[in-house]
Amino acid sequence: MATTAAGLMNFLDDEIAKLKSEGRFISLRVLETAQKPVSTIDGKEVVNLTSNNYLDLADDSRLKKAAVKAIENYGVGTAAVRPIIGTMDVHQELERRLAEFKGTPAALVFQSGFTVNVACCQSLMTDEKDLLISDELNHASIIDGARLAKAPRKIYPHKDMKALKAILESPESRTARRRMIVTDGVFSMDGDIAPLPAIVDLAERYGAFVMVDDAHASGVLGKNGRGTPSHFGLTDRVQIQIGTLSKAIASLGGYVAGSQSLRDYLISTGRPFLFSSSHPPSVAATCLAALDVLMSEPQRIEKLWDNTRYFKDGLKSLGFDTGASETPITPVMVGDTAKAQRFSQRLFEEGVFALAICYPIVARGKERLRTIVTSGHTRKNLDFALEKFGQVGRELDIIAKR
Ligand SMILES: *Cc1c(COP(=O)(O)O)cnc(C)c1O
């Protein structure tokens, strides 16, 4: 019997059933306010420990005004890709300011952090004689970029510098045309920091260049939030700095900061840059206003780190395992999918939102809740969250009963 036209897609129901049985099916939660320290999610007001709104800028009046003004001056969209006629002066101005921020000669903005990573891996690793060397816990966009690159890839165990050295000493590396080491600056699930000094030393010794994805470090680490190269005093020794405008900067986009040649080359070869339209001018204007705040209000970053220390210490003294975190991303280890999901759900009922992160995003046995504090959380918000973590953690036997 002939299958109906719609019936040809029946495999989706099987796939969805499989995702559900594996605990990988995602249903969307809906935010009904701006992204704030206390937000309304699915009709409930909760202390929000899930966003990347590190510096509490998503609802900042100065950023909002900048966006509105740009809409009035330039309209709502560009209706073009950057290399055709989608580049406005406000886009160029943002790139000048990002280069200054990162301490590099030039910068280039892409539609997102995801697309800039894909573009850099794909455009810089163009031959089978190149070698892309990557930390096993790098972001999905680096993994996908590496898949689109012509170069073979070698993955080293997380932050394992002996293994990185062995790769650099291998015949494939020694005979390679180009070697690129790629690492997240701050790892997004564990909140630990890349050993950049050791990576840069090895890179220089074996003639590799280094690409650092500072999506979670920009606005968080280094002087005025310049990122991990600034944090370690390595700005002049890291050739490619990636940042996102979608996290601490609270808008949308990604960028690469480096030499003028890097910018020039990617304008002509970066496929997302060439074939996908540019940001509305309001996005660029919002980012410019955010950079002004980063420069003029370093106390926001201090508050972010105060809150980070307070919340992390609070979780530890309740008896939770917070893994290897060194940054505002603090995992609360659970070690079981059903229990992590139950933990998240019970906390939500009690007025705290922290997302469960399970296999395959993290390895089996490493299931956790992931928390991110922002500079906007008050002590009262954090004390409330800690009290609920304690209560629900004891209820589910994740920590010892008092
Ligand atoms: C979030 C993230 C990205 C993607 O950034 P977007 O601007 O949201 O596309 C890239 N790399 C890392 C490490 C991230 O955490």
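Just so you know, ligand 1 is whichever comes first in the structure, and atom 1 is the first atom listed for that ligand. All of these numbers come straight from a predicted model, not from anything done at the bench.
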Please identify each residue that fulfils side chain to side chain contact (heavy atoms under 4.5 Å, CB included) with R178, with sequence neighbours left out.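 Here the qualifying residues are M125, T126, D130, F209.
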Would you confirm whether R179, through its side chain, and Y206, through its main-chain N or O, come within 3.5 Å as a donor-acceptor pair?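 Yes; at least one donor-acceptor contact below 3.5 Å.
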Tell me yes or no: between the side chains of T286 and S251, is some donor less than 3.5 Å from an acceptor?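 No, no side-chain donor-acceptor pair sits under 3.5 Å.
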Residues which pass salt bridge (Lys or Arg N to Asp or Glu O under 4.0 Å) with K129, listed by chain and number, not counting sequence neighbours: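 D127.
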F343 and F320 aromatic ring geometry - parallel, tilted or perpendicular at 30°/60° bounds: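 Ring orientation, 0 to 90° scale: parallel.
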Filter on ring-ring contact (aromatic ring centres under 6.0 Å, His included), then keep only pairs touching residues 169-188, sequence neighbours left out; what's left?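 Every ring-ring contact (aromatic ring centres under 6.0 Å, His included) pair that includes a residue of residues 169-188, provided the two are not neighbours, is H158-F187.
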Near ligand 1, which residues have a heavy atom under 4.0 Å away from one of its atoms?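 Residues within 4.0 Å of ligand 1: S112, G113, F114, N117, H139, S141, D184, S188, D213, A215, H216, T244, S246, K247, G253.
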